[in-house]
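Here's the structure, in structure tokens; my notes come after.
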Amino acid sequence: MKQFISVYDVITSNNGNINNAINQLVNEALTYKSNPLKDNTLGNHLRLGMLFLNPSLRTRLSTQVAAANLGMETIVFNVDKEGWALEFEEGAIMSGNTVEHIKDAAPILGSYFDILAIRTFPSLKNRADDYSELYIQQFIKYAGVPVISLESATLHPLQSLTDIITIQENRLHKAATVHKKPKVVLTWAPHVKALPQCVANSFAQWVNAWGEADFVITHPEDYALDEQFTKGATITHNQAEALKDADYVYVKNWSTYNDYGKVYENDPAWMLTNETLALTNNAKVLHCLPVRRNVELSDEILDGPNSLITTEAGNRVWAAQAVLANIIKTMKKG
Ligand SMILES: NCCC[C@H](NC(=O)CCC(=O)O)C(=O)O
Ligand SMILES: NC(=O)OP(=O)(O)O
């Protein structure tokens, strides 16, 4: 693996078969979960630079723990708070607020670090800019070292890999369901703010590429996601119909994609409760966190027996460790 920006970066490691490549990565992550220090010298003398243009709890700390398990050093830089304001546009006349061009900054970061990991959320103002992934693509273009996405403008691949790991791990625990194709439902949930589409786009991209689920997406009418990610899923505006017989329910808010970055709908009826969960096949519930309790998801679900959310957040370490290990092995092969 040369970089980790989307599900398609996984494919390089498995002769073009994406389902096998995802399953192999999931197995590697679960192997790290049972033996965290099995490759504890693999990353010796290698340095990971983690750049944050936005806040994080899980992504930052799980990736640091994963790097430590591989014997790698990590330096975290909160660019948004401590760095110079970066310019990303080619040919910009920098007479405004931006101080340093990515063309100047990224090669320097590439000389300090062996791998760069970057969190850069969308503006939610200009869809064309956000969906061109300008910021992370400029880092890739100018840094000259492998780049890992810690959630970019449209995708969150470390989260989605974790989500597949968590579903797969849960399936493997239950001998009765291991051979059954699970019904996986991604449901929109209410929120007070306009949030990125990243987590939902990315989950859809990974579940579709994985190809091992009966995959349904449900959201209010105006909340269609970009088809490039959802193609292959069944889409319905009827949440009750979607939840019927579900084995896994992935809950997430996102803002509108078509009339970009808006909040059109806040009907609390979309929030999952024990009553709506009763429509499912005793489904396990996932959410990437952070979650607005009793807005996006009810206390009774978050604190109840069907929540996989703490396990899911814990699995972030093993996803990051599998990805780092793959990139390091590719670097070492030259
Ligand atoms: N990294 C996981 C989620 C990050 C982000 N959530 C947020 O910004 C929540 C902010 C709030 O609740 O105010 C998102 O949805 O993409
Ligand atoms: N799920 C997730 O990415 O969490 P953080 O935003 O806290 O990193």
Side-chain angles (χ1 to χ4, degrees), residues 1-33 148-149 151-152 154-174 177-187 197-219 225-236 242 245-252 254 280-281 283-288 308-309 311-323 325-327:
M1 198 188 294
K2 293 198 168 88
Q3 61 174 21
F4 192 67
I5 306 300
S6 88
V7 75
Y8 300 108
D9 294 311
V10 174
I11 211 163
T12 51
S13 57
N14 212 294
N15 303 328
N17 182 318
I18 195 128
N19 166 265
N20 287 348
I22 293 171
N23 280 332
Q24 191 178 321
L25 198 57
V26 167
N27 289 339
E28 284 164 18
L30 289 172
T31 305
Y32 282 129
K33 185 166 184 168
I148 295 175
S149 166
E151 188 170 345
S152 65
T154 68
L155 294 170
H156 193 0
L158 282 173
Q159 181 65 52
S160 313
L161 170 58
T162 303
D163 300 333
I164 305 253
I165 291 166
T166 307
I167 290 172
Q168 190 67 344
E169 180 186 39
N170 186 264
R171 271 173 90 196
L172 296 176
H173 279 161
K174 293 185 289 187
T177 57
V178 78
H179 299 299
K180 175 183 171 277
K181 202 172 192 183
K183 179 171 177 183
V184 175
V185 177
L186 166 63
T187 181
Q197 295 97 32
C198 311
V199 171
N201 283 343
S202 194
F203 184 72
Q205 184 190 55
W206 279 73
V207 174
N208 278 326
W210 187 43
E212 294 199 16
D214 171 12
F215 185 34
V216 179
I217 303 174
T218 183
H219 54 71
L225 294 162
D226 186 344
E227 271 182 21
Q228 68 168 306
F229 306 117
T230 60
K231 204 161 172 236
T234 303
I235 298 171
T236 169
D245 299 328
D247 298 299
Y248 297 92
V249 181
Y250 199 89
V251 179
K252 184 70 184 84
W254 61 87
T280 69
N281 180 27
K284 297 293 181 192
V285 179
L286 295 100
H287 186 286
C288 64
L308 277 185
I309 292 169
T311 304
E312 180 186 5
N315 284 341
R316 291 292 306 268
V317 172
W318 321 118
Q321 196 166 335
V323 167
N326 266 276
I327 291 178

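As the structure is a computational prediction, the values presented were derived from the model and not from experiment.
Legend: residues meeting side chain to side chain contact (heavy atoms under 4.5 Å, CB included) with Glu227, ordered by chain and number and at least two apart, are Thr230. Taking the ring-ring contact (aromatic ring centres under 6.0 Å, His included) definition, one finds that Phe4 meets it with Trp206, sequence neighbours left out. Applying the side chain to side chain contact (heavy atoms under 4.5 Å, CB included) test to Thr236 and every residue at least two apart in sequence or in another chain returns Val216, Thr218, Asn238, Glu241, Ala242. Taking the salt bridge (Lys or Arg N to Asp or Glu O under 4.0 Å) definition, one finds that Glu312 meets it with nothing, sequence neighbours left out. Scored by the side chain to side chain contact (heavy atoms under 4.5 Å, CB included) test, Asn27 finds no partners at all (sequence neighbours excluded).
Between the side chains of Thr154 and Asn201, not a single donor N or O lies within less than 3.5 Å of an accepting N or O. Residues Asn170 and Tyr248 have side chains that bring a donor and an acceptor to within less than 3.5 angstrom of each other. For the residue pair Gln24 and Asn20, no side-chain donor N or O sits within less than 3.5 Å of a side-chain acceptor on the partner.
Salt bridge present: Lys180 and Asp247 bring a charged side-chain N and a carboxylate O closer than 4.0 Å.
Taking each heavy atom of Val10 and Ile22 in turn, the nearest pair found is CG1-N, 3.9 Å.
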What's the verdict on side chain to side chain contact (heavy atoms under 4.5 Å, CB included) for Phe203 and Phe215, showing C-alpha distance, side-chain angles and the deciding distance?
CA-CA 11 Å; Phe203 184 72; Phe215 185 34; 3.9 Å; yes
Take Gln159 and Ser202 through the test side chain to side chain contact (heavy atoms under 4.5 Å, CB included) and record every step on the way to the result.
CA-CA 8 Å; Gln159 181 65 52; Ser202 194; over 6 Å; no
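Considering only heavy atoms from C-beta on, Lys2 stays 4.5 Å or farther from Ile327 through its side chain. Put simply, the side chain of Glu212 does not reach to within 4.5 Å of the side chain of Ile164, judged on heavy atoms.
The list of salt bridge (Lys or Arg N to Asp or Glu O under 4.0 Å) pairs with a residue in residues 17-33, not counting sequence neighbours, reads Lys33-Glu169.
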